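When a ligand or atom number is given, it counts from 1 through the structure's own listing order. Because the structure is predicted, anything quoted here is derived from the model rather than measured.
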Amino acid sequence: MPVQPVFVATWRFGVAAARVGWKRLSQGATALDAIESAGNLTEEDPEVNSVGYGGLPNAAGEVELDAAIMNGVGHCAGAVGGLQRTRKPISVARRVFEQTPHTMLVGENARKFALRQGFPEANLLTSQSQERYIEWRKTQLGADVAHFDLGPTNSQPPQPLFTPDNHDTIGLCALDANGDLAVGCTTSGMSWKVPGRVGDSPIIGSGLYVDNEIGGAAGTGHGDEMMKACVSFRTVMNMERGMTPTEACAEALRYLIRKRPPEAHDHYGAALIALRKDGMVGGAATYSGFRHPDRLWQWAEATSADPVLHEGCYVTPGRILEQLG
Ligand code: SD4
């Protein structure tokens with residue numbers, strides 16, 4: 001019996017990805033193909049300044065992309081970290097597992113691999129992202145921001161880089177008509193990051209995870225914190241224990257907050273989406289306000305050509321980040 005396809009994506013801008021992903025599923029595409037198409041749509045949108053082409057660069061002015069894709073069928077996964085000058089990183093990630101015996105490639109060698117796989121060298125900066133970088137650079141007063149000016153005499157701890165406008169990974173979950181699942185995650189990561197920094201997004205179990213018998217999950221938010229709690233893996237395991245997708249996401253975030261209290265670590269937000277094998281979906285975020293322009297945690301669900309935008313749930317309701325200063 002064919003299953004009703006479902007596609008879920010993080011953030012308000014995930015509506016466009018969910019629409020494309022669901023369309024592909026409704027035409028009979030596999031969950032894996034739908035994830036790749038939806039990821040590519042966002043990666044190629046220059047207006048989304050946190051993913052792919054047009055993403056904001058690192059502290060040295062270079063865009064470094066992180067992406068991963070995981071297939072429930074065969075429990076296969078591929079990932080790239082710190083990929084420069086290459087478009088469609090989620091497709092490169094897919095090639096990693098399809099064309100090599102490995103799971104993750106990083107940095108310059110990931111770029112060379114992409115080149116050999118037919119992904120041409122590309123400039124990822126748009127005039128808008130370049131201007132944003134120049135403006136940000138002016139605020140850094142000539143410091144060696146790429147390395148935080150950290151020398152033996154510098155006792156200042158590195159400052160957090162999470163600001164209202166410098167993040168928003170797209171996380172993606174799909175259930176196809178065969179009842180198979182796949183997930184994806186693609187981002188330019190935290191902007192102004194230290195060159196070489198890889199976030200949670202391409203880390204299997206942190207940025208994304210799928211078990212074809214249970215469900216899938218994907219995350220967005222402060223990756224340096226999220227990757228220490230393996231939140232996507234935990235979400236899927238929570239669903240295995242019988243939680244609904246929303247409960248599963250919320251419990252994983254409560255675990256993160258327990259291990260890394262925001263007061264101590266200033267982690268400004270984390271959010272998860274989940275999709276269960278039976279088509280049930282859910283999402284949760286740490287707070288009722290991200291450091292994000294509209295301050296809302298929103299995610300898109302498509303079970304038809306018109307995706308629905310959900311908000312929440314929030315693990316610590318009522319708490320907004322102004323209170324953190
Ligand atoms: C990172 N998790 O690089 C990404 C950023 C992000 O919403 O998702 N922000 O840490």
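- Ring geometry for W192 versus W136: interplanar angle under 30°, hence parallel rather than tilted (30 to 60°).
- For ligand 1, the atoms lying closer than 4.0 Å to a non-hydrogen atom of D200 are 1 (C), 2 (N), 4 (C), 10 (O).
- Short contacts between ligand 1 and M190, defined as distances under 4.0 Å to a heavy atom of the residue, involve ligand atoms 3 (O).
- Checked options V80, L124, T187; the residue passing with L65 is L124 (criterion: side-chain contact (heavy atoms from CB on, under 4.5 Å)).
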Query raised in the report: Going through the checks in order, is the side-chain contact (heavy atoms from CB on, under 4.5 Å) test met by L41 and R19?
Result: CA-CA 10 Å; L41 181 90; R19 188 174 288 120; over 6 Å; no
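- Backbone and side-chain nitrogen or oxygen atoms of D224 are examined, and none is located within less than 3.5 angstrom of a nitrogen or oxygen of ligand 1.
- Ligand-side atoms of ligand 1 in range of G189: 3 (O), range being under 4.0 angstrom from any heavy atom.
- Among K112, R87, R116, R111, the single residue meeting the salt bridge (charged side-chain N to carboxylate O under 4.0 Å, His left out) criterion with E121 is R111.
- Checked by distance only, ligand 1 and G221 come closer than 3.5 Å through their nitrogen or oxygen atoms.
- Remark: ligand 1 and T169 share an N or O pair separated by less than 3.5 Å (distance only, no angle test).
- When the options E98, R95, R94 are evaluated for a side-chain hydrogen bond (donor to acceptor under 3.5 Å, both in side chains) with Q117, the one that passes is R95.
- Here is the list of ligand 1 atoms found below 4.0 Å of a heavy atom in S201: 2 (N), 4 (C).
- Screening residues 59-74 for side-chain hydrogen bond (donor to acceptor under 3.5 Å, both in side chains), with sequence neighbours left out, gives N58-E64, E64-Q84.
- Close approach of ligand 1 to D168 (heavy-atom distance below 4.0 Å) involves ligand atoms 6 (C), 7 (O), 9 (N).
- In the model, S91 has a side-chain atom that pairs as donor or acceptor with a side-chain atom of N40 under 3.5 Å.
- Looking at R197, H222, E64, it is R197 that brings a heavy atom closest to atom 3 (O) of ligand 1.
- When W11, Y53, F13 are each tested for a side-chain contact (heavy atoms from CB on, under 4.5 Å) with T42, only one passes: F13.
- Between N212 and G72, the shortest heavy-atom contact is CB-O, 3.3 Å.
- Of the heavy atoms in S50, none comes closer than 4.0 Å to ligand 1.
- The T220 neighbourhood of ligand 1 comprises atoms 6 (C), 7 (O), 8 (O), 9 (N), with distances under 4.0 Å to a heavy atom of that residue.
- Ligand 1 is never approached by K193 to a heavy-atom distance shorter than 4.0 Å.
- Distances between N or O atoms of G223 and those of ligand 1 include at least one value under 3.5 Å.
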